[in-house]
Amino acid sequence: MYGTIGILTGGGDAPGLNAVIRAVVKTATCEHGMRVIGIEDGFEGLLGATKTRLLSPSEVRGLLPRGGTILGTRNRGFFVERARDGGKRNVESVYEEAMSNMKVLGIDALVVLGGEGTLTIANEFDKRGIPVCGVPKTIDNDLACTELTFGFVTALDIATEALDRLHTTAESHDRVMILEVMGRHAGWIALHCGIAGGADVILIPEIPFSLETVAEKIRARDRAGSNFSIIVVAEGALEIGHDLVYQDQGDEQHAPRLGGIGHHLQRDLEQVTGRETRCVILGHLQRGGRPNAFDRMLATNFGSCAVRALANGEHGVMVALQAGDVVSVPLTDAIKNIKTVPPEGQLVRTARDTGISFGAPDEANYHKPL
Ligand code: F6P
């Protein structure tokens with residue numbers, strides 16, 4: 001049994017981070033008699049002068065519905081930056097510094113809330129002897145070994161509401177409306193909200209699209225008397241024969257940022273269909289604000305189960321949702337590959353069966369556009 005566990009949040013924020021922190025603190029303190037130290041700004045809080053604070057149950061009061069993370073987060077690879085530091089430091093020395101600081105702070109084990117990038121670093125700590133339990137976080141829902149990450153369902157609610165709202169304005173103006181949602185490598189948000197929000201076209205990274213197929217779907221709807229069309233596009237969707245669209249190409253210190261495919265599509269579709277088209281980029285509205293009821297519940301269950309896993313002597317694991325239950329899976333399995341939408345899977349098939357186009361050039365093989 002550990003005396004003190006550290007907790008940190010890494011990567012982009014997601015609704016439910018604070019609910020996990022709350023559950024970890026309550027379970028660790030009240031059920032297992034452990035102390036919990038909150039590490040600020042992701043792994044960066046373990047370096048230099050260190051940024052930490054003791055988290056007591058009174059400290060986490062009222063956190064369940066609060067968005068963001070009270071601990072702060074970072075989504076740049078600080079170990080890489082540090083290692084670059086004029087070429088003077090290597091990655092190993094950064095781990096050593098963090099681990100010796102943990103020793104001074106009395107941290108025996110870590111609960112790490114993050115996506116694939118953060119959990120990859122967490123796994124390195126576990127390999128170096130700090131017991132770690134990961135908690136799967138990302139609005140993209142692209143972590144392997146878990147059916148859901150917390151934050152995803154809230155993001156989905158927000159994107160679906162946006163689609164509902166775009167429907168009424170699209171219909172009133174006889175327009176094509178495009179909603180660009182997050183999803184770099186995986187189209188889960190676009191796929192789920194497109195189905196829930198009744199989109200006519202869903203464009204995702206896993207199914208490269210042709211502009212002509214999308215245009216033909218819009219023309220077919222026109223011919224059938226539908227005076228408007230709704231398109232949802234993931235930021236990482238790829239038009240065949242083109243490159244991904246970036247907002248920012250990134251540099252030595254910052255990762256490239258995708259975004260802007262919706263505006264490209266707006267311009268090109270307007271040109272080829274002659275239909276008035278508008279685009280909305282939903283962006284960080286999907287990440288900020290209150291978690292919904294489901295994510296509060298899932299986050300709480302994940303947090304509590306993570307502490308129980310550590311208390312039971314497990315390490316190098318991530319809590320995961322499988323068949324409705326929270327289980328532990330090896331971290332190495334969770335970070336091996338990201339979970340993408342299977343193009344031939346049930347949900348894509350259902351979308352196609354209900355008249356949704358994915359803009360694939362061979363679309364006619366799947367269905368006749370409604
Ligand atoms: O991984 C979560 C995510 O929201 C991605 O979908 C998106 O591409 C990225 O983070 C945006 O990150 P940033 O906040 O750095 O712009």
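Numbering of ligands and ligand atoms starts at 1, following listing order.
Side-chain polar atoms of Ser357 and Glu363 form a donor-acceptor pair below 3.5 angstrom. There is a side-chain donor-acceptor pair under 3.5 Å between Ser58 and Ser56.
Using 4.0 Å as the threshold, Gly115 has no heavy atom nearer than that to any atom of ligand 1. Using a 4.0 Å cutoff on heavy atoms, Gln286 does not count as a contact of ligand 1.
At least one N or O atom of Glu235 sits closer than 3.5 Å to an N or O atom of ligand 1.
One finds a salt bridge joining Asp200 and Arg221 here, because a Lys/Arg side-chain nitrogen approaches an Asp/Glu carboxylate oxygen to under 4.0 Å. The residues Arg275 and Asp222 are annotated as salt-bridged, a charged nitrogen and a carboxylate oxygen being separated by less than 4.0 angstrom.
When each atom of ligand 1 is checked for a heavy atom of His284 under 4.0 Å away, the hits are 13 (P), 14 (O), 16 (O). Contact atoms of ligand 1 toward Arg257: 16 (O) (distance under 4.0 Å to a heavy atom of the residue). Residue contact check: Gly183 has heavy atoms under 4.0 Å from atoms 6 (O) of ligand 1.
Sorted pairs that involve residues 291-320 and meet salt bridge (Lys or Arg N to Asp or Glu O under 4.0 Å), not counting sequence neighbours, are lacking altogether.
Looking at Asn75 against ligand 1, only its side chain comes within 4.0 Å, counting heavy atoms.
At the shortest separation from atom 2 (C) of ligand 1 among protein heavy atoms lies Asp140 OD2, 3.3 Å.
Under the 3.5 Å distance criterion, the side-chain polar atoms of Asp248 are matched with a main-chain donor or acceptor of Gly250.
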Practice prompt. Using the ring pair (Phe, Tyr, Trp, His ring centres under 6.0 Å) rule, take Phe228 and His167 through it: C-alpha gap first, then chi angles, then the decisive distance, then the call.
Written response: CA-CA 8 Å; Phe228 70 96; His167 256 101; 5.7 Å; yes
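Of the listed options Arg287, His185, Arg184, Arg287 places a heavy atom closest to atom 11 (C) of ligand 1.
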